[in-house]
Amino acid sequence: MYVYILGGFLGSGKTSLLMKLASMYSERKEKVAIIVNEAGEIGVDGATLKAQGYDAIELPSGCICCTLSGSLTNALTNIKNDIDPDIIIIEPTGLALPNKVKDIVHKSCIDEDADIIIGIADIQRFNDLIKKKEEFFTRQMTGSDFILINKSDLATPEQINDATSWLKERFPAKDIVPVSVKDGTNLDRVYEMMQ
Ligand SMILES: Nc1nc2c(ncn2[C@@H]2O[C@H](COP(=O)(O)OP(=O)(O)OP(=O)(O)O)[C@@H](O)[C@H]2O)c(=O)[nH]1
Ligand SMILES: [Mg+2]
């Protein structure tokens with residue numbers, strides 16, 4: 001069982017990516033379970049996901065990396081026992097630290113084969129975010145296995161280069177990939193990195 005954790009600030013594209021990943025894995029006949037923390041900008045909640053045929057659990061509002069860690073542990077244990085999926089995708093809120101979510105996954109003893117944190121940065125709000133919340137953003141990206149610069153369809157090549165350089169300087173060991181979850185640019189690379 002693989003666990004994917006989507007880390008990224010509010011509105012960066014976590015739910016959009018989650019939907020793409022879930023449908024990609026379902027097409028490959030993998031059993032996918034989804035944990036969402038709360039309905040965000042795109043109002044995808046547990047009920048919507050279930051209506052689309054996914055096994056989904058929506059945790060009550062609050063942050064799964066702090067006050068709701070117990071309910072995340074319970075959700076993981078129940079998913080393991082009741083569904084036993086090939087893949088669990090977790091979307092915490094945009095204010096969560098994915099590292100902490102990963103720690104909770106480990107402590108839940110669900111015997112995962114691997115867990116991968118996907119960091120997502122929104123190119124449209126990149127400069128604003130690093131200006132106002134550099135420390136938080138850096139902490140959020142620190143635990144990620146690779147970083148996607150999302151919404152490349154809205155950016156100039158120069159903006160993407162600048163953001164890539166900024167991230168490369170701080171995270172030299174990580175792959176940094178510009179993507180557009182919306183139009184599908186580079187998502188095949190993301191799928192490759194996830195296997
Ligand atoms: N142009 C463009 N818009 C995108 C892209 N990815 C996501 N969006 C839009 O960005 C907005 C936020 O996307 P979400 O997927 O809801 O982001 P999120 O990280 O789940 O947001 P929260 O759960 O509210 O933190 C939505 O209006 C999406 O349609 C992209 O690649 N390009
Ligand atoms: Mg969301």
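Below, each value reflects all heavy atoms present in this structure, side chains not excepted, and no hydrogens, waters or symmetry copies. Residues take their numbers from the sequence shown, with the count starting at 1.
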Chi angles and distances behind the side chain to side chain contact (heavy atoms under 4.5 Å, CB included) call for L148, L17: CA-CA 10 Å; L148 308 180; L17 181 61; 3.8 Å; yes
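- Of the possible donor and acceptor atoms, one in the side chain of N150 sits under 3.5 Å from a partner among the backbone N and O of V181.
- A heavy-atom distance below 4.5 Å is found between the side chains of I88 and I110.
- The main-chain N or O of P178 is found under 3.5 Å from a side-chain atom of N186 such that the two form a donor-acceptor pair.
- Between A96 and F136, the closest heavy-atom pair is O-CZ, 4.1 Å.
- Both L10 and I149 belong to a common hydrophobic cluster when Ile, Leu, Val, Met, Phe, Trp and Tyr are linked at side-chain heavy-atom distances under 4.5 angstrom.
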Verdict with supporting geometry, L21 and I87, side chain to side chain contact (heavy atoms under 4.5 Å, CB included): CA-CA 10 Å; L21 294 176; I87 286 155; over 6 Å; no
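- Looking at Q140, its side chain never comes within 3.5 Å of a backbone N or O of A121 through a donor-acceptor pair.
- With T73 contributing its side chain and S108 its backbone, the two residues share no donor-acceptor pair below 3.5 Å.
- A donor-acceptor contact shorter than 3.5 Å is absent between the side chain of D86 and the backbone of M1.
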Intermediate values then yes/no, side chain to side chain contact (heavy atoms under 4.5 Å, CB included), R170 and F137: CA-CA 11 Å; R170 278 144 190 99; F137 174 69; over 6 Å; no
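- With hydrogens and angles disregarded, a donor-acceptor distance shorter than 3.5 Å links the side chain of Y4 to the backbone of M194.
- Put simply, the side chain of K14 never gets that close to the backbone of T93: no donor and acceptor are under 3.5 Å apart.
- When all heavy atoms of I117 and G143 are compared, the closest pair comes out as CD1-O, 3.4 Å.
- Note on L154 and I147: separate hydrophobic clusters, where clusters join Ile, Leu, Val, Met, Phe, Trp and Tyr whose side-chain heavy atoms are under 4.5 Å apart, directly or indirectly.
- No donor-acceptor distance shorter than 3.5 angstrom exists from the side chain of K168 to the backbone of I176, with no hydrogens or angles considered.
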